[in-house]
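The first residue in the sequence is number 1, and the count goes up from there.
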Amino acid sequence: MSSISTVSDEGFEQYQRQGYVVLEDALSADVVERVRSRLREYTHGDREREGFTSQLEPAIERGERDVEERGDAVRKFEGLGMVESDDVFREVAENESIVSAAQDLLGPDLKLLRSAAMFKPPRVGSEKGFHQDAAYYPIQPMDHVTVWIALDEATPENGCMTVVPGAHKDGLLEHEAVEYDTDIVIDDSAYGEEDLVPVPMEAGDALFSHCLLPHYTAPNETDRWRRALIMAYMDSRSRFTQDDEQRPPWVDSVQITGEEFPGCV
C-alpha cells in the first residue's frame with residue numbers, strides 16, 4: 001500500500017498538542033453512500049452479520065421507548081469481523097487517505113485494532129458519557145489512534161463528538177461502569193463548559209483522536225440520523241499486555257499495511 005502525506009505540519013502539531021485533528025473529505029460521497037446502504041442492509045434488511053455484534057439502545061431494550069422498526073433502535077455494531085467479512089467496510093479500513101493519515105501519526109506499520117458503527121437514531125440515540133478509548137484495550141504503548149468517520153452531518157444537536165483538548169496528556173483516568181459492563185465512563189466533574197470543544201463534521205470527514213483523549217457524544221435530539229464508522233489503528237510494534245485467555249474478546253488485530261513483528265499484536 002502506497003503512502004502519501006495526508007496530515008499537514010499544522011495538523012500534526014495540533015494532534016500532538018490537543019490530541020485530535022480532523023481530515024475533511026476523507027471519504028468520497030460515493031463511498032459514504034455505499035457504507036450507509038450496507039449498514040441499512042444489516043439493520044433493516046436481511047443481510048446476516050458475520051463476526052461482529054449488534055447492540056440496541058438501552059431504553060428500547062428496557063421497554064421505556066418504542067420505535068416503528070427494530071432497525072431504528074440499533075445503537076452500534078462492534079467487531080473486527082466487519083472488515084474481515086464485508087468488502088464495503090474493508091474498503092474504508094484500507095482507504096488510502098485514512099491509512100496515510102494514520103501512518104503520519106503512528107508510523108508505516110499498521111494494524112487495525114477496532115471496527116465499529118455508531119448509529120444515534122433520530123430522537124432515540126442516547127448519549128455516550130466521557131471516556132477514553134484506551135480504557136477498553138490492554139495495549140502498550142497507549143498511543144493508538146481512533147478514526148471517527150461521519151456518515152451524516154454531525155452537529156451538537158444530533159450528537160457530534162465533543163472532546164477535551166490536551167487532556168490526553170493526563171494519562172489513563174479511572175473509569176466505572178454505568179449501564180452495562182462495557183459502558184464505562186470517567187467522572188466528568190473535573191471538566192467545565194470552558195474545557196469542552198464540540199467537533200461538528202460533514203459526511204465523509206474523519207476525526208483522528210489519541211486513545212487517551214477524553215470525549216463524549218450527546219443524545220440525538222433531532223429528526224436526522226447521526227451515523228458514524230469507527231476504525232482504530234495501532235503501530236504493529238504494539239503489544240497486548242494480557243495473554244489470550246485474559247484479554248477481552250473484542251481485543252484482536254487485523255493487518256493493514258507494512259511489516260509485522262514477532263511477539264507483537
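- With hydrogens and angles ignored, the 3.5 Å screen pairs a side-chain donor or acceptor of Asn220 with a backbone N or O of Arg224.
- Summarising the geometry, atom CG belonging to Asp72 is positioned 11.5 Å from atom CZ belonging to Arg70; distances are rounded to the nearest 0.5 Å.
- The main-chain N or O of Ala93 is found under 3.5 Å from a side-chain atom of Tyr233 such that the two form a donor-acceptor pair.
- A distance of 11.5 Å separates NZ in Lys169 from CG in Leu213, rounded to the nearest 0.5 Å.
- Tyr137 has its side chain within reach of Trp250: a pair of non-hydrogen atoms, C-beta onward, lies under 4.5 Å apart.
- Judged as a side-chain contact (heavy atoms from CB on, under 4.5 Å), and not counting sequence neighbours, Glu174 has no contacts.
- Qualifying side-chain contact (heavy atoms from CB on, under 4.5 Å) partners for Glu245, counting only residues two or more places apart in sequence or in other chains: Asp243.
- Distance alone, capped at 3.5 Å, is enough to place a donor-acceptor pair between the Asn95 side chain and the Ile98 backbone.
- Residues Pro138 and Val251 come closest through the heavy atom pair CD-CG2, 3.8 Å.
- With sequence neighbours excluded, no residue forms a salt bridge (charged side-chain N to carboxylate O under 4.0 Å, His left out) with Glu202.
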List, one per line, each side-chain donor-acceptor pair under 3.5 Å for residues 20-31, sequence neighbours excluded.
from  : atom 1 : to    : atom 2 : distance (Å)
Ser28 : OG     : Val31 : N      : 3.2

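- When only modelled atom types and interatomic distance are considered, Arg247 and Gln242 share no side-chain donor-acceptor pair under 3.5 Å.
- Of the possible polar contacts, one joining the Asp104 side chain to the Val7 backbone as a donor-acceptor pair under 3.5 Å is found.
- The aromatic rings of His210 and Tyr15 sit tilted, their planes meeting at an angle between 30° and 60°.
- Residues Ser54 and Phe77 share a closest heavy-atom pair of OG-CE2, 3.4 Å.
- By the 4.5 Å heavy-atom criterion applied to side chains, Ser126 and Arg75 are counted as neighbours.
- In terms of modelled atom types and a separation under 3.5 Å, the side chain of Arg226 and the main chain of Thr155 share no donor-acceptor contact.
- Inter-residue side-chain proximity for Leu229 and Met82 is flagged as met; some heavy-atom pair is nearer than 4.5 Å.
- Residues Leu172 and Gln132 have side chains in contact (heavy-atom distance under 4.5 Å, counting atoms from C-beta outward).
- Here the side chains of Val92 and Val35 are in contact, with some heavy-atom distance below 4.5 Å.
- No side-chain donor-acceptor contact under 3.5 Å links Gln140 and Thr241.
- In this structure, Arg34 pairs ionically with Glu91, as a charged nitrogen and a carboxylate oxygen lie closer than 4.0 Å.
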Exercise answer: donor-acceptor pairs, residues 105-119 side-chain atoms, under 3.5 Å, sequence neighbours excluded:
from   : atom 1 : to     : atom 2 : distance (Å)
Asp109 : OD1    : Glu259 : N      : 2.8
Asp109 : OD2    : Arg237 : NH1    : 3.2
Lys111 : NZ     : Glu260 : OE1    : 3.0
Lys111 : NZ     : Val265 : O      : 2.4
Arg114 : NE     : Glu78  : OE2    : 2.8
Arg114 : NH2    : Glu78  : OE1    : 3.0
Ser115 : OG     : Gly79  : O      : 2.5

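- Side-chain contacts under 4.5 Å among hydrophobic residues (ILVMFWY), followed directly or transitively, place Phe130 together with Val164, Leu173, Ile186, Tyr191, Leu196, Tyr216.
- Rounding to the nearest 0.5 Å gives a distance of 8.5 Å between CD1 of Ile256 and CE of Met231.
- The shortest distance between side-chain heavy atoms of Gln255 and Ser236 falls below 4.5 Å.
- At a threshold of 4.5 Å between non-hydrogen side-chain atoms, the residues Val163 and Pro165 count as touching.
- Applying the salt bridge (charged side-chain N to carboxylate O under 4.0 Å, His left out) criterion to Arg65, with sequence neighbours excluded, gives no partner residue.
- How far OH of Tyr42 is from CZ of Phe89: 5.5 Å, rounded to the nearest 0.5 Å.
- To the nearest 0.5 Å, atoms CG (Leu212) and NE2 (His168) are separated by 8.0 Å.
- Applying the side-chain contact (heavy atoms from CB on, under 4.5 Å) criterion to Glu41, with sequence neighbours excluded, gives Arg38, Arg47.
- Side-chain atoms of Glu157 do not come within 3.5 Å of backbone N or O of Cys160 as any donor-acceptor pair.
- With sequence neighbours left out, the side-chain hydrogen bond (donor to acceptor under 3.5 Å, both in side chains) criterion links Glu153 to no other residue.
- Not a single donor-acceptor pair under 3.5 Å links the side chain of Lys120 to the backbone N or O of Asn158.
- Listed by chain and residue number, Leu56 satisfy the side-chain contact (heavy atoms from CB on, under 4.5 Å) test with Glu61 (two or more places apart in sequence, or in another chain).
- The salt bridge (charged side-chain N to carboxylate O under 4.0 Å, His left out) search around Glu69 returns none, not counting sequence neighbours.
- In this structure, the ring of His131 has its center less than 6.0 angstrom from the ring center of His215.
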Side chains of residues 141-152: which donor-acceptor pairs under 3.5 Å do they make with residues two or more places apart or in other chains?
from   : atom 1 : to     : atom 2 : distance (Å)
Thr146 : OG1    : Asp133 : OD2    : 2.7
Asp152 : OD1    : Arg227 : NH2    : 2.8
Asp152 : OD2    : Arg227 : N      : 2.7
Asp152 : OD2    : Arg227 : NE     : 2.8

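- Between the Ser85 side chain and the Glu50 main chain, a donor and an acceptor come within less than 3.5 Å of each other.
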